[in-house]
K.L.:
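A single structure is presented below for examination.
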Amino acid sequence: MKDILTSNINSLNDSQKKAALKMHGPIIIVAGAGSGKTRVLTFRIAYLISQGIDPFSILSLTFTNKAAKEMKKRVGELVNESESRNIWMGTFHSIFAKILRIEANKLGYTSSFTIYDTQDSDRLISSIIKEMGLSKDSYKPKQIRNRISTLKNNLITVESYESDFELKEYDEIAKRPLFGKIYLEYTKRCFKSNSMDFDDLLVKTNELLNKFPETLAKYQDRFRYILVDEYQDTNHSQYLIVKMLADKYHNICVVGDDSQSIYSFRGANINNILNFQKDYEEVEVFKLEQNYRSTKNIVKAANSLINHNKFKLEKTIWTNNEEGEKVIIRKCFSDNDEGKYVAKSILENVDKNKSKYSSFAILYRTNAQSRIIEESFRKNNIPYKIYGGVSFYQRKEIKDILAYLRLTINSNDEESLKRIINFPPRGIGNTTIDKLIVASKTYDLSIYDVIIEKINFIKINSGTKDKIFDFVNMIESFKTMVKNYDAFELASQITKRIGIVKFYENEGTAEGINRIQNIEELLNGVKNFIDERNQLNEPVLLVNFLEEVAMATDFEVQDSSEIDSVSLMTVHLSKGLEFPCVCIIGMEENLFPSSMSLDSREGLEEERRLFYVALTRAEKKAILTFTNNRYRWGKVIESEESRFIDELDSSFVKYDKNNYNEGSLLLTNPTIKYKSIKNKFRKLENSEFTHNEINNNQISEIKKFKINTIVKHSIFGKGIIKSIDGQKQDSRAKIYFYEKGEKNLLLKYAKLQIIDTE
DNA sequence: TTTTCAAGAATTTTT
DNA sequence: TTCTTGAAAA
């Protein structure tokens, strides 16, 4: 055994050790937050290998890319790289996508099938709804997609849907009786496009393993040791796959914590973990209850919270760590103040206690909340990194280029084709595209094949036909390059040929320049990808690259310098991570818990688990903030303290009521009448704010702008103020921008920088 | 067919 | 607020 292993084994506690060393048979590890479950899992893998188990026969499944990456890194530290590379380790979706590529033809796909992301699915559903002549009001694409997703996660095919009275009735009540037709058409179109959506990756894997016993046997024999992390978040479809694969050898180890089940919206079924013991008679159960991560105050506060949930496995999380600070709660006047408070808390710690920025994480319920924090951080020069959110790969310009690449690999990919057949514009309009869609249905061919085989039977102007031929010829020429060029050469050639950079250059906007930078970034990413792969002697073709990015949400920026920065992410994304100090913002009713979850006990309990997850990310310090006024949907909404704050045992928390001089606090809404503002201030009397100062500050800021002041705007550039109307905080200025012409801006929004006062 | 502009919707959470 | 969509104009 490697030294590093031996020293590691000694650092495990009793139950951790037992769980890690039991190589054979089914086991379940019920692991509380911070109980070192990743250590156990990684150690277990390393131990298996040290005992001579072939890394190729180990399958390790996680839920998020982030978790997979972390796991790979940590296993890599314990095992030789040459060995760890051979372990099949990744998310359910990515692992089974790999297998499906190998087995694709059994199911009628080719191995170059495309993976549709949510956006692709939405677009396809939208166009189906349109083609069927249905109204978008009763048939909302996103709702339809969710519904389809739920059905697929439970392996309910179109046929079984159609024969299920209850399911159909549900849709009739929801006023979408034709849902089944849409589901059918969607399924057909995906298949015709040689494409699978995220759910298909699991559905088709089930189909594969069910229909082809010899294939099932092959993978059963291959994956003799299976580990599943976050088992509480498996859905029915995933559950069945794991069960089938483990059926022969029963060497299955699942790890989970029912208190951290937070993915029921995508079909996670908590019963999978609660019933695991019924599935395998000889199962051994290990409980990890000692928390190594957090202080006593945090652990106890979290326990007091989760005790409000009815449905849970019995376990008691405890810790030997120091008492630590109490959980800090801060009430803020507005979301702006919340941003300031968070920034202030971070700066204070960085200055006084020499903390690193990377010790801090800001967690929020919804992605939209990140914006105000970002603003505040930029103002205060705090470096930060956002995880998730609008992913790099979701950006229009990136999706467009990927669509060209996808179409080159799989020309049946309908969504990619529709996306780019007229982008950059080449004179093929919607009318033409609609005709092609109709023809593709009549001839039961993909749009691309219709163009190639049946274009002469379709009524289209000859001029337009030529343009279509040009387009197809271009794609055909890309196809001939696929075999001879690596992904980077191909991607750069294609980018050049389609003239997308020129297109954005001609636009000449700041946005256009940004898009060009993103395109360059993408090409760098491809380059990086092949460099890495070349080192490992792995294939570097375009297909391989597309496979890699299909489910990637995070774009790896290759900054070697690893800048010390604060992490911003949703609570969901934070699962499995830990930070010395965690700020959970927006602890308000209707936000956290989300308003969508309030009508059912299950929904509310899931929100509570979500908060539990958030709170238990903290090692030393947890800060919770909530506001009285939050800017949402372009309006200021009054908000109230989350019920979850009340549920924390008060002996572990402390309200921060200090009066920090808040400086210029801008009120963000013109629609609030002065009187109502006054009322709000009255409510806050004797608390932390000194209101008059706020108003005066704000107004004095605005008063600085005068006619003929020269200002700079982040988008419009430099300009001169022509006139100012309106009162105080509602002041508007007519500004002549030297490059962009005259604009009328609200002073308090515009964030103008004064360059010169004449 | 393409571009522009105004009105209306939007915010759970991820693969 | 920002993003998307649809209609009208070019």
Side-chain angles (χ1 to χ4, degrees), chain A residues 61-68 90-97 115-119 121-123 126 130 136-137 140-142 146 149 152-153 196-202 230 233-235 237-238 261-268 335 363-372 375 387-391 393-394 396 422-433 461 463-464 467 507 511 550-554 569-575 586 590-598 603 606-607 609-611 613-614 630-637 668-671 746 748-750:
Chain A
L61 297 167
T62 55
F63 272 80
T64 58
N65 291 308
K66 224 165 178 339
T91 62
F92 271 88
H93 291 83
S94 66
I95 293 283
F96 294 115
I115 297 171
Y116 275 179
D117 66 15
T118 314
Q119 210 184 70
S121 301
D122 278 346
R123 284 176 171 232
S126 289
K130 215 174 179 181
K136 268 195 173 166
D137 297 330
K140 295 204 169 101
K142 279 188 182 154
N146 271 330
S149 177
K152 284 189 178 176
N153 284 153
M196 297 190 196
D197 65 17
F198 286 141
D199 304 315
D200 280 336
L201 295 174
L202 305 174
E230 312 283 11
D233 282 328
T234 44
N235 61 36
S237 175
Q238 291 163 322
S261 167
I262 56 175
Y263 281 103
S264 70
F265 70 92
R266 74 177 216 217
D335 41 7
L363 307 184
Y364 33 81
R365 179 68 239 274
T366 65
N367 280 307
Q369 288 167 263
S370 71
R371 226 191 67 218
I372 256 169
E375 258 167 44
Y387 294 85
V390 178
S391 136
Y393 293 104
Q394 300 294 322
K396 182 181 178 305
N422 198 32
F423 186 85
R426 50 174 73 87
I428 306 171
N430 285 331
T431 329
T432 312
I433 295 170
N461 294 337
T464 314
K467 289 169 185 163
E507 245 182 14
E511 198 194 6
M551 278 154 301
T553 43
D554 241 5
M569 65 187 86
T570 62
V571 180
H572 281 89
L573 263 186
S574 76
K575 187 151 78 156
N590 294 320
L591 186 57
F592 201 177
S594 153
S595 54
M596 314 285 284
S597 68
L598 296 178
E606 175 143 321
E607 293 288 309
R609 291 193 294 268
L610 198 51
F611 181 37
V613 167
R630 181 171 293 277
Y631 202 64
R632 275 178 110 183
W633 306 291
K635 273 185 192 159
V636 170
I637 309 273
T668 31
N669 190 6
T671 60
L746 260 180
K748 65 181 166 192
Y749 286 136

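Just so it is clear: chains get the letters A, B, ... in the order the sequence lines come, proteins before strands, and each one is counted from 1. Values below: every heavy atom of this structure, side chains too, minus hydrogens, waters and symmetry copies.
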K.L.:
Which comes earlier along DNA chain B counting from the 5' end, the contact point of A:Asn461 or that of A:Ser94, where each point is its nearest nucleotide?
P.N.:
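The 5'-side residue here is A:Asn461.
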K.L.:
Using ring pair (Phe, Tyr, Trp, His ring centres under 6.0 Å) as the criterion, list what pairs up with A:Tyr116, not counting sequence neighbours.
P.N.:
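Ring pair (Phe, Tyr, Trp, His ring centres under 6.0 Å) list for A:Tyr116, sorted by chain: empty.
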K.L.:
Take a 6.0 Å sphere around NZ of A:Lys396 and say whether it holds more than 12 heavy atoms from other residues, nucleotides or ligands.
P.N.:
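More than 12 within 6.0 Å, yes.
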K.L.:
Detail all sub-3.5 Å separations between protein N/O atoms and N/O atoms belonging to nucleotides 2-7 of chain B.
P.N.:
unit_1	atom_1	unit_2	atom_2	d
B:dT2	OP1	A:Gly427	N	2.7
B:dT2	OP2	A:Asn422	ND2	3.2

K.L.:
How close or far is atom P of C:dT2 from atom CD1 of A:Ile372, stated in whole angstroms?
P.N.:
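So the CD1-P distance, A:Ile372 to C:dT2, works out to 12 Å.
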K.L.:
Can you tell me how far P of B:dT15 sits from CD of A:Gln394, to the nearest Å?
P.N.:
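Between P of B:dT15 and CD of A:Gln394: 11 Å.
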K.L.:
What distance separates A:Leu610 CG from A:Tyr263 OH, expressed to the nearest 0.5 Å?
P.N.:
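Rounded to the nearest 0.5 Å, the CG-OH separation comes out at 9.0 Å.
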K.L.:
Rounded to whole Å, how long is the line connecting atom NE2 of A:His93 with atom C1' of B:dT15?
P.N.:
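Result: 4 Å.
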K.L.:
Could you tell me whether A:His572 and A:Phe265 have their ring centroids closer than 6.0 angstrom?
P.N.:
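Yes, ring centres under 6.0 Å apart.
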K.L.:
Of all residues at least two apart in sequence or in a different chain, which pass the side-chain contact (heavy atoms from CB on, under 4.5 Å) check with A:Ser597?
P.N.:
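Listed in chain order: A:Pro593, A:Ser594, A:Glu607.
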K.L.:
Would you mind building the protein contact string for nucleotides 8-13 of chain B? One character per nucleotide, 5' to 3', B for base within reach (heavy atoms under 4.0 Å), S for sugar-phosphate only, - for untouched.
P.N.:
--BBBB
K.L.:
Please report the distance, rounded to the nearest Å, between NZ in A:Lys130 and C1' in C:dT4.
P.N.:
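After rounding, the reported distance stands at 12 Å.
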K.L.:
The side chain of A:Arg371 is closest to which nucleotide in this list: B:dT15, B:dT1, C:dT2?
P.N.:
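So the nucleotide nearest the side chain must be C:dT2.
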K.L.:
State the dot-bracket string of DNA chain B. Criteria: Watson-Crick or G-U wobble, both atom distances under 3.5 angstrom; notation: ( ) intrastrand, [ ] crossing earlier pairs, | interstrand, . unpaired.
P.N.:
||||||||||.....
K.L.:
With sequence neighbours left out, write down each residue that passes side-chain hydrogen bond (donor to acceptor under 3.5 Å, both in side chains) with A:Lys130, or none if nothing qualifies.
P.N.:
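With sequence neighbours excluded, A:Lys130 shows a side-chain hydrogen bond (donor to acceptor under 3.5 Å, both in side chains) to no residue whatsoever.
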K.L.:
Please state how far atom OH in A:Tyr393 lies from atom P in B:dT14, giving the value in whole angstrom units.
P.N.:
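Nearest whole value for this atom pair: 17 Å.
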K.L.:
Quick check on DNA chain B: between A:Thr91 and A:Thr464, whose nearest nucleotide comes earlier from the 5' end?
P.N.:
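Of the two residues, A:Thr464 wins.
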K.L.:
In whole Å, what is the span from the CD atom of A:Gln119 to the C1' atom of C:dT5?
P.N.:
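After rounding, the reported distance stands at 15 Å.
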K.L.:
Could you give the distance from CZ (A:Arg371) to CG (A:Asp335), rounded to the nearest 0.5 Å?
P.N.:
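One finds 9.0 Å between CZ of A:Arg371 and CG of A:Asp335.
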K.L.:
Please tell me whether A:Ser94 and A:Thr91 have a donor and an acceptor in their side chains that are separated by less than 3.5 angstrom.
P.N.:
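Yes, side-chain donor-acceptor contact under 3.5 Å.
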K.L.:
Do A:Asn153 side-chain atoms and A:Asp199 backbone N/O form a donor-acceptor pair below 3.5 Å?
P.N.:
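Not confirmed, A:Asn153 side chain does not pair with A:Asp199 backbone.
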K.L.:
Atom CD1 of A:Ile433 and atom CG of A:Asn422: how far apart are they, to the nearest 0.5 Å?
P.N.:
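Rounded to the nearest 0.5 Å, the CD1-CG separation comes out at 6.0 Å.
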K.L.:
So what does A:Thr431 touch, heavy atoms closer than 4.0 Å: a base, only the sugar-phosphate, or nothing?
P.N.:
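The answer is sugar-phosphate, as A:Thr431 gets under 4.0 Å only of primed atoms, P, OP1 or OP2.
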K.L.:
May I ask you to say what A:Phe63 touches in the nucleic acid, namely base, sugar-phosphate or nothing, with a heavy-atom cut-off under 4.0 Å?
P.N.:
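The answer is sugar-phosphate, as A:Phe63 gets under 4.0 Å only of primed atoms, P, OP1 or OP2.
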K.L.:
Find the distance A:Lys467:NZ to B:dT1:C1' and express it as a whole number of Å.
P.N.:
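After rounding, the gap between these two atoms is 8 Å.
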K.L.:
List the steps, then state whether salt bridge (charged side-chain N to carboxylate O under 4.0 Å, His left out) holds for A:Lys575 with A:Asp233.
P.N.:
CA-CA 12 Å; A:Lys575 187 151 78 156; A:Asp233 282 328; 2.3 Å; yes
K.L.:
Using 4.0 Å as the upper bound for N to carboxylate O, is an ion pair formed by A:Asp197 and A:Lys152?
P.N.:
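Looking at A:Asp197 together with A:Lys152, the answer is yes, because their closest N to O distance falls below 4.0 Å.
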K.L.:
Measuring only the P atom in each nucleotide, how far is B:dT13 from C:dT4? A whole number of Å is fine.
P.N.:
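After rounding to an integer number of Å, I get 15 Å for this pair.
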K.L.:
Measure the distance from CD on A:Gln238 to P on B:dT14 and round it to the nearest whole Å.
P.N.:
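It works out to 16 Å between those atoms.
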